[in-house]
Amino acid sequence: MATLDGLPPLRDVIQRHGLDAKKALGQNFLLDLNLTQKIARSAGSLEGVTVFEVGPGPGGLTRAILSLGAKKVIAVERDSRCLPALAEIGEYYPGRLEVIEGDALKTDFVALTAEKADGGPVKIIANLPYNVGTQLLINWLLPADGKWPPFWESLTLMFQKEVGLRIVADQDDDHYGRLGVLAGWCTDAHMVFDVPPQAFTPPPKVTSTVVHLMPRTNPLPCEVSKLERITHAAFGQRRKMLRQSLKPVGGEALLNKAGIDPQRRAETLSVEEFVTLANCL
Ligand code: SAM
């Protein structure tokens, strides 16, 4: 059967290479190239862009990114069984796909940028393994070199919908918490579209969603470690008034210094108010 890009259908690739999905690796594959192209397109133009992909698996999203004109894809994959299937894609797009076998959580993406991107733009696009997705996002929001704007121009990432809602949540939203404050402080984040379980092989139990994040040019000045101490305390007891939940970090005195009513609850505070509190610590 003909495919959009002329490579064999993903179902055949998976069968030929014996890539039965492993739950422990968060393997839920996307086989529809129309869908993977839709995800890749939500990252904007890929012309001249070096794309980092985490977990290419059999390569459905990788193929979409390459077919849409990315200069290069650097893909980090933990499962060595996927490498022969990915090598076939690399042959089809000579010099444009590099696969690194390894754990993305231990990968130094700042160093990879310096090594591989030749000073050009970098975007990250991935259908993330559900068990490490949030940690990877936090690592990208707090890059090891501390530089902002960061090494990436945008993040286009698939999460379980529940996680996506937490990333884009704003004050007065039940999903608002530590992740929403961190993402809201340093990025503009929005959900692009949902993907139903049956789009994946095997289907996960829950709906997924694609989230797009762009770095804010000038996040309000703030020490992240302080912001995290505040949000950790505030959302650790989110139903309590702040004068109670913030006791370990200064309680009522801190709130008065920041000019914030001690009777309010964590989820009613804007990102700016959390930053003010962190700066008063
Ligand atoms: N990109 C493929 C797709 O969309 O069909 C596969 C996505 S699947 C949800 C997640 C992929 O991440 C799997 O291929 C899995 O082997 C890989 N993976 C899991 N944990 C990883 C880690 N820590 N580092 C790198 N890759 C990982």
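This chain uses plain numbering: 1 for the first residue, then up along the sequence. As the structure is a prediction and not an experimental result, all values here were calculated from the model. Whatever order the structure lists ligands and atoms in, that order sets their numbers, starting from 1.
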Once salt bridge (charged side-chain N to carboxylate O under 4.0 Å, His left out) is applied, do any residues pair with Glu153, and if so which ones, sequence neighbours excluded?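 Partners of Glu153 by the salt bridge (charged side-chain N to carboxylate O under 4.0 Å, His left out) criterion come out as none, since no residue qualifies.
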Stepwise side chain to side chain donor-acceptor pair (under 3.5 Å) check, Asn139 with Gln135: CA-CA 6 Å; Asn139 294 354; Gln135 189 54 54; 2.9 Å; yes
Less than 4.0 Å between a side-chain N and a carboxylate O, is that true for Arg81 and Glu101?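 No, Glu101 and Arg81 are not salt-bridged.
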Ligand 1: which protein N/O atoms lie under 3.5 Å from its N/O atoms?
residue: ligand 1; atom: 1 (N); partner: Gly55; partner atom: O; Å: 2.7
residue: ligand 1; atom: 1 (N); partner: Pro56; partner atom: O; Å: 3.4
residue: ligand 1; atom: 4 (O); partner: Asn127; partner atom: ND2; Å: 2.8
residue: ligand 1; atom: 5 (O); partner: Leu30; partner atom: N; Å: 2.8
residue: ligand 1; atom: 14 (O); partner: Gly57; partner atom: N; Å: 3.4
residue: ligand 1; atom: 14 (O); partner: Glu77; partner atom: OE1; Å: 2.8
residue: ligand 1; atom: 16 (O); partner: Gln27; partner atom: NE2; Å: 2.9
residue: ligand 1; atom: 16 (O); partner: Glu77; partner atom: OE2; Å: 2.6
residue: ligand 1; atom: 23 (N); partner: Asp103; partner atom: OD1; Å: 2.8
residue: ligand 1; atom: 24 (N); partner: Ala104; partner atom: N; Å: 2.8
residue: ligand 1; atom: 26 (N); partner: Arg78; partner atom: N; Å: 3.4

Is the Phe109 ring parallel, tilted or perpendicular to the Trp140 ring (thresholds 30°, 60°)?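 Phe109 vs Trp140 ring planes: perpendicular.
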Taking a hydrophobic cluster as the set of Ile, Leu, Val, Met, Phe, Trp and Tyr residues connected by side-chain heavy atoms closer than 4.5 Å, whether directly or through intermediates, do Leu220 and Ile230 fall within one such cluster?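 Same cluster.
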Quick check on the hydrophobic clustering: are Leu112 and Ile125 connected, directly or via other members, by side-chain heavy-atom contacts under 4.5 Å?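 No, no single cluster joins them.
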